[in-house]
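Accompanying notes for the structure given below.
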Amino acid sequence: LGAGETKIVSGAYRDDTQGSFSGAVYVYDADGTNEVKITSSDLQSGDLFAYAVETNGSKIFVGAPSDDNANGDNAGAVYIYDMDGTNEVKVTPSTATTGTKAGQKLACSANKFAVGCWSPGKVWVYDADGTNELEITTPAIRMTIALTDDILFLGDSNLNVIYSYSTTTGNLISSVSPSDQDASTDLDFGRGIEVYGSKLVASTRMTDAVYVYDLDLTNELKITPTQKQSSYNYNSQRFGTEVAISSNKIAVTSGINDDGEVYLYDLDGSNEIRITAETSILNNLSNSGFAKSVSLSEDKLIVGNQFYNGN
């Protein structure tokens with residue numbers, strides 16, 4: 001799920017246009033109108049096209065981690081489109097091989113995008129047109145990624161650390177773990193990371209907290225929820241499952257199954273707002289998937305409800 005200033009981009013990797021789990025991308029205006037459906041020109045069954053999607057407002061980046069190509073079966077690929085779904089460019093990382101599943105993770109900035117994969121230890125960074133590949137090697141195992149034009153951030157929720165790398169040289173810049181937690185325990189720190197402007201937000205799903213940093217990974221700010229529902233169950237409603245950030249807001253999801261919710265904050269952690277699904281949605285579905293994904297634009301909060309059937 002991604003949002004630009006005027007568009008919403010949603011991945012549907014289970015779409016069966018060209019066979020089971022072939023996948024598709026849906027693009028909408030910010031008010032939910034003017035749907036455009038995008039599928040790749042070489043789409044096949046099982047490609048998982050749109051397993052990951054990102055947009056920088058002028059381009060759409062689509063991961064297809066199970067794409068079979070010259071690099072091998074399930075080597076993976078990324079497709080680039082204009083916002084109307086035209087001008088397709090296919091990118092296959094030069095060092096991907098059979099089973100790499102490149103495109104399982106994506107991040108983008110104004111002028112670059114980054115490609116993560118199933119295999120640990122590799123991320124590829126490109127200019128937004130798919131040129132000038134830079135491969136970055138990392139010790140990260142369970143990996144999430146976020147990107148500015150100058151810095152690639154890698155979250156490793158296995159080691160509870162976030163790394164930053166130069167997108168020019170590929171060199172390691174810095175790393176951080178929560179200052180008030182034991183990084184050797186199961187924090188799930190870095191499970192979700194997002195960056196906007198001068199701030200990075202990172203989740204620690206196992207401790208009911210998110211952390212905010214400057215881009216040099218200093219000036220740590222910890223945010224915890226104050227409006228948990230009375231029936232809050234830690235095992236099924238983990239605060240920090242997904243995060244998003246804009247120039248003035250942070251969004252944090254809580255919940256895995258039918259009682260998901262979103263918490264909204266100012267960048268300093270103040271002015272908490274708790275948002276839940278409509279009761280009618282939850283009553284109609286045993287597993288609605290509300291708040292399965294979340295994204296922010298300057299004036300919109302977009303919440304994915306993966307299993308809602310419209311009833």
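Residues take their numbers from the sequence shown, with the count starting at 1.
Taken from NZ in K122 to CD1 in I136, the straight-line distance is 13.0 Å, to the nearest 0.5 Å. Rounding to the nearest 0.5 Å places CG of N34 at 11.0 Å from OH of Y28. Here the CG atom belonging to L267 is positioned 6.5 Å from the OG atom belonging to S246, to the nearest 0.5 angstrom. Atoms CG and CG, on N74 and D47 in that order, are 9.0 Å from each other to the nearest 0.5 Å. To the nearest 0.5 Å, atom CG of residue D73 and atom OG1 of residue T100 are 11.5 Å apart. The distance from atom CD1 of I250 to atom CG of L221, rounded to the nearest 0.5 Å, is 7.0 Å.
Between the side chain of N69 and the backbone N or O of A75, no donor-acceptor pair lies under 3.5 Å. In this structure, the side chain of S10 does not engage the main chain of Y26 through any donor-acceptor pair within 3.5 Å. When atom types are taken as modelled, the side chain of S22 and the backbone of D15 share a donor-acceptor pair closer than 3.5 angstrom. Remark: side-chain polar atoms of T144 are paired, donor with acceptor, to backbone N or O of G190 under 3.5 angstrom. The closest donor-acceptor contact from the side chain of T253 to the backbone of E242 lies under 3.5 Å. Put simply, the side chain of T98 never gets that close to the backbone of G72: no donor and acceptor are under 3.5 Å apart. Here the side chain of N160 pairs a donor or acceptor atom with the backbone of D188 at under 3.5 angstrom. Distance alone, capped at 3.5 Å, places no donor-acceptor pair between the T224 side chain and the A209 backbone. A donor-acceptor contact shorter than 3.5 Å is absent between the side chain of D266 and the backbone of D268.
If you run salt bridge (charged side-chain N to carboxylate O under 4.0 Å, His left out) between K112 and each of D129, D127, D149, only D127 comes through.
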Legend entry - side-chain contact (heavy atoms from CB on, under 4.5 Å) assessment of L154 paired with V123: CA-CA 9 Å; L154 297 178; V123 178; 3.6 Å; yes

Inset, instruction - Starting from the C-alpha separation in whole Å, work towards a yes-or-no answer on side-chain contact (heavy atoms from CB on, under 4.5 Å) for V91 and F113. - result: CA-CA 11 Å; V91 178; F113 71 97; 4.2 Å; yes

Inset, instruction - Quick one: do D82 and K59 satisfy side-chain contact (heavy atoms from CB on, under 4.5 Å)? Show the steps, please. - result: CA-CA 5 Å; D82 290 345; K59 294 287 185 181; 2.5 Å; yes

Inset, instruction - Quick one: do L134 and L152 satisfy side-chain contact (heavy atoms from CB on, under 4.5 Å)? Show the steps, please. - result: CA-CA 11 Å; L134 173 67; L152 171 70; over 6 Å; no

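Under the 3.5 Å distance criterion, with hydrogens and angles disregarded, no donor-acceptor pair is assigned to the side chains of Q181 and T207. For the residue pair T95 and E135, a side-chain donor N or O sits within less than 3.5 Å of a side-chain acceptor on the partner. No donor-acceptor contact under 3.5 angstrom links the side chains of E88 and S40, judged on distance only. Side-chain contact of N171 with S166: a donor-acceptor pair under 3.5 Å is absent, judged by distance alone.
Considering only heavy atoms from C-beta on, T148 comes within 4.5 Å of F153 through its side chain. For the pair T241/R191, a side-chain contact is recorded, criterion being any heavy-atom separation below 4.5 Å from C-beta on. With contacts defined as side-chain heavy-atom distances shorter than 4.5 Å, the pair K105/M143 does not qualify. Taking 4.5 Å as the limit, some side-chain heavy atom of K222 sits within range of a side-chain heavy atom of D180. Using a 4.5 Å cut-off on side-chain heavy atoms (C-beta onward), D67 and Y79 make contact. With a 4.5 Å cut-off on side-chain heavy atoms, T55 and I8 do not count as touching. You'll find the side chain of V294 reaches within 4.5 Å of the side chain of L301, heavy atoms only. Contact of the M83 side chain with the T6 side chain is not registered, since no non-hydrogen atoms from C-beta on lie closer than 4.5 Å.
Every residue two or more places apart in sequence or in another chain was checked for a ring pair (Phe, Tyr, Trp, His ring centres under 6.0 Å) with Y81, and none qualifies. Applying the side chain to side chain contact (heavy atoms under 4.5 Å, CB included) criterion to S175, with sequence neighbours excluded, gives V161, Y163. Partners of D150 according to the salt bridge (Lys or Arg N to Asp or Glu O under 4.0 Å) rule, which considers only residues two or more places apart in sequence or in another chain, do not exist here.
No single ILVMFWY cluster, assembled from side-chain heavy atoms under 4.5 Å apart, contains both F49 and L1. Two different hydrophobic clusters hold I223 and L187 under the rule that ILVMFWY side chains link at heavy-atom gaps under 4.5 Å. Cluster membership check: I173 does not share its hydrophobic cluster with Y165, using side-chain heavy-atom separations under 4.5 Å among Ile, Leu, Val, Met, Phe, Trp and Tyr. In this structure, F61 is a member of the same hydrophobic cluster as V115, with clusters built from ILVMFWY side-chain heavy atoms closer than 4.5 Å.
Around atom OH of Y51, no more than 12 heavy atoms belonging to other residues, nucleotides or ligands sit under 6.0 Å away.
Between P178 and Y213, the shortest heavy-atom contact is CA-OH, 3.9 Å.
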